[in-house]
Structure formats: C-alpha cells, structure tokens
Number of protein chains: 2
Amino acid sequence: MDERRTAAIFKAFCDENRIKIIKLLRSGEKCACKLLEEINVTQPTLSHHMKILCDAGIVVGRKEGKWTHYSISKKGVEQAKECLAQLTTLDAE
Amino acid sequence: MDERRTAAIFKAFCDENRIKIIKLLRSGEKCACKLLEEINVTQPTLSHHMKILCDAGIVVGRKEGKWTHYSISKKGVEQAKECLAQLTTLDAE
DNA sequence: GCATCATATAGAAAAATGTCAATATATTTT
DNA sequence: AAAATATATTGACATTTTTCTATATGATGC
C-alpha cells in the first residue's frame, strides 16, 4: 500500500468531529440528518466529513429516496486494521 | 478514550512523510540523522514530525550522547490498535 | 574554552484542511 | 407543477499543519 492511500485511510481518524461521527455509527446505520442533529456543524460541513470517511473506506453510504444512510464498513475497517498492522510490524531480521 | 487523544494518535498515520518514517523504523532503531538521509525534508521539519510521532506514542526516542535514536513503540502500537478496534466495533444490540 | 556535530525551538511563509453561507440537485409530497 | 425536504457542491474565509530559515541547546573533541 502506498503512503498516499495509507494517509487517506487514517485521515478518517484524525479529526475530532469525524471520530464523533464514527462513534455515532457504532450503534448502527444512521441517515445524515440524524447525524447532523448530534454533532455541532452545519449540513455542508457534515457532508464534507462524510465524503472523507467514505473515501477512506471506513464508512459507506446507502441512498434510499432522498435520504443517505451511513454505516461503518466492516470491510473498510478490516483494511484499516491490516494497514496499521503491516505498517507497524517490525521486519524479520 | 476522548476524541482529542484519539485524533492525536492517528495523526501519526495521516501524513505521507510520517508514514515513510514509520516504515523506515520497521527495520529497527535509527537515529535522526539516518532518517534525515532517507526522507526529503530539512532537519527541523524532521524534528517536527518526530515530535508528532512521539506525542502519538507510536515512536519513542532514546537519547545517547548527542544522538537521539528513534524506534517504534510496541506499547504505543498496541494502544493504537486497541483504540481503532474500540472505535470501529459495533455496539452489541 | 572553542569548534564541531546532532538535535530542538522560534518565527514566518506556504499549503492543506475545516468551516460556513449560498446555491444546486434530486426526491417526495401536495 | 410547485413546494418541501435531504443532501451535495461551490466559493470564501479562518484555522491548522507543513515547511523553511535562522538560531539555540547540548554533547563531544581539540
């Protein structure tokens, strides 16, 4: 995995508002309007953060009518964990 | 773990130069001057990144005479892994 | 003590990121 | 079709981060 992609993945976790969003999604899928009620930013700012979280692969959005439902991506989380493990494992000597 | 601390931990992994530094340390402890040879930044910039990595707990510095030897902190890495796991595990229903 | 080497700190400039107001798009409802 | 609702995009501004130059600190060797 290249450095640029690794950085993009972990950008999901290096902003306090995004961490709050991820924590909210631990209890299950939520639509953007529900998330908006719970974090103290405007709607365009939330939309911006959701894009970064989706680009990182940590969150997925599911469109249904006029709503977008967001949830934590099990697959994305696994990739992040693997990436972290690979990055921090010492080389065999 | 609070959001501010979580963000500080993952800041270690969201800059391309810091990821390069971590990768260099996978082969074992290295002094700052050795790292400086391998990444394309000035000495004060390297020093700045090393501070962020140390604050995140991912890297530790060991002073020996005029050198500082940096290495990956097994403990810090474990904490980061736990933090990531906790953050991304769905709540029990 | 003075010169040298390795690293850290201070301060400024440049680049990236987070934020908001305004507006666009797409869907549903009336 | 028009109004209302949910979300995305645009563009501007503020803050934060990254980077540099210059300088300071601290250790070693003469």
Side-chain angles (χ1 to χ4, degrees), chain A residues 2-25 28-73, chain B residues 2-25 28-73:
Chain A
D2 74 325
E3 284 90 21
R4 182 179 288 272
R5 179 66 193 144
T6 300
I9 291 172
F10 290 103
K11 281 209 173 86
F13 307 105
C14 66
D15 174 86
E16 294 184 40
N17 280 324
R18 287 195 290 272
I19 292 169
K20 279 182 198 158
I21 293 166
I22 293 169
K23 282 185 177 174
L24 288 168
L25 293 178
E29 191 184 65
K30 287 196 173 54
C31 74
C33 55
K34 188 79 187 168
L35 292 170
L36 189 56
E37 286 172 19
E38 311 228 31
I39 76 163
N40 206 31
V41 294
T42 61
Q43 181 271 319
T45 298
L46 176 65
S47 192
H48 169 247
H49 285 307
M50 297 322 291
K51 181 157 171 41
I52 290 171
L53 288 168
C54 289
D55 287 351
I58 300 301
V59 166
V60 282
R62 179 175 67 81
K63 282 209 98 163
E64 186 182 305
K66 53 183 173 180
W67 294 276
T68 308
H69 299 275
Y70 291 104
S71 56
I72 292 176
S73 163
Chain B
D2 74 323
E3 284 91 19
R4 180 178 288 271
R5 180 65 195 145
T6 300
I9 289 172
F10 290 103
K11 282 211 172 85
F13 306 105
C14 66
D15 174 87
E16 294 184 41
N17 280 323
R18 287 195 289 272
I19 292 170
K20 278 182 198 159
I21 293 166
I22 293 169
K23 283 185 176 174
L24 287 169
L25 293 178
E29 191 183 65
K30 287 198 173 52
C31 74
C33 55
K34 189 78 188 171
L35 293 170
L36 188 57
E37 286 172 17
E38 311 228 32
I39 75 163
N40 206 32
V41 294
T42 60
Q43 180 271 318
T45 297
L46 176 65
S47 193
H48 168 248
H49 286 306
M50 297 322 292
K51 181 157 172 40
I52 290 170
L53 288 168
C54 290
D55 288 350
I58 300 300
V59 165
V60 282
R62 180 176 65 82
K63 283 209 96 162
E64 186 181 305
K66 52 184 172 178
W67 295 277
T68 308
H69 300 273
Y70 291 103
S71 56
I72 292 176
S73 163

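Labels below follow one simple rule: chain letters A, B, ... track the order of the sequence lines, proteins then strands, and each chain is numbered from 1. Computation of the quantities below employed the complete heavy-atom set of this structure, encompassing side-chain atoms and omitting hydrogens, waters and symmetry-equivalent molecules.
The stretch residues 28-47 of chain B touches DNA chain D through B/Val41, B/Thr42, B/Pro44, B/Thr45, each having a heavy atom within less than 4.0 Å of the strand. The stretch residues 59-72 of chain B touches DNA chain C through B/Lys66, B/Trp67, B/Thr68, B/Tyr70, each having a heavy atom within less than 4.0 Å of the strand.
The phosphate of C/dA10 (OP1 or OP2) has no side-chain N or O of B/His48 nearer than 4.0 angstrom.
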For residues 50-68 of chain B, which side-chain donor-acceptor pairs fall under 3.5 Å, sequence neighbours excluded?
residue, atom, partner, partner atom, Å
B/Lys51, NZ, B/Asp55, OD2, 3.4
B/Arg62, NE, B/Glu29, OE2, 2.8
B/Arg62, NH1, B/Glu64, OE1, 2.6
B/Arg62, NH2, B/Glu29, OE1, 2.7
B/Arg62, NH2, B/Glu29, OE2, 3.3

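The shortest side-chain heavy-atom distance between A/Ser47 and A/Gln43 falls under the 4.5 Å cut-off.
Per the geometry, CG belonging to A/Asp15 stands 11 Å off C1' belonging to C/dT19, to the nearest Å. As rounded to whole Å, 11 Å separates atom P of C/dG18 from atom CD1 of A/Ile21.
Sorted by first and then second residue, the side-chain hydrogen bond (donor to acceptor under 3.5 Å, both in side chains) pairs involving residues 8-20 of chain A (not counting sequence neighbours) are A/Arg18-A/His49.
Between A/Lys34 and A/Lys30, the closest heavy-atom pair is CG-CD, 4.0 Å.
Going from atom CD1 of B/Ile21 over to atom CD1 of B/Ile72 covers 11.5 Å, rounded to the nearest 0.5 Å. To the nearest 0.5 Å, atom CD1 of residue A/Ile19 and atom CD1 of residue A/Ile39 are 12.0 Å apart. A distance of 9.5 Å separates CG in A/Leu36 from OG1 in A/Thr45, rounded to the nearest 0.5 Å.
Scanning DNA chain D 5' to 3' for nucleotides with an atom closer than 4.0 angstrom to a non-hydrogen atom of chain A gives a first and last hit of D/dT5 to D/dT9.
Ring geometry for B/Phe13 versus A/Phe10: interplanar angle of 30 to 60°, hence tilted.
Every salt bridge (Lys or Arg N to Asp or Glu O under 4.0 Å) that A/Lys23 has, sequence neighbours left out, goes to B/Glu3.
Within a 6.0 Å sphere centred on CG of A/Asp2, other residues, nucleotides and ligands contribute more than 12 heavy atoms.
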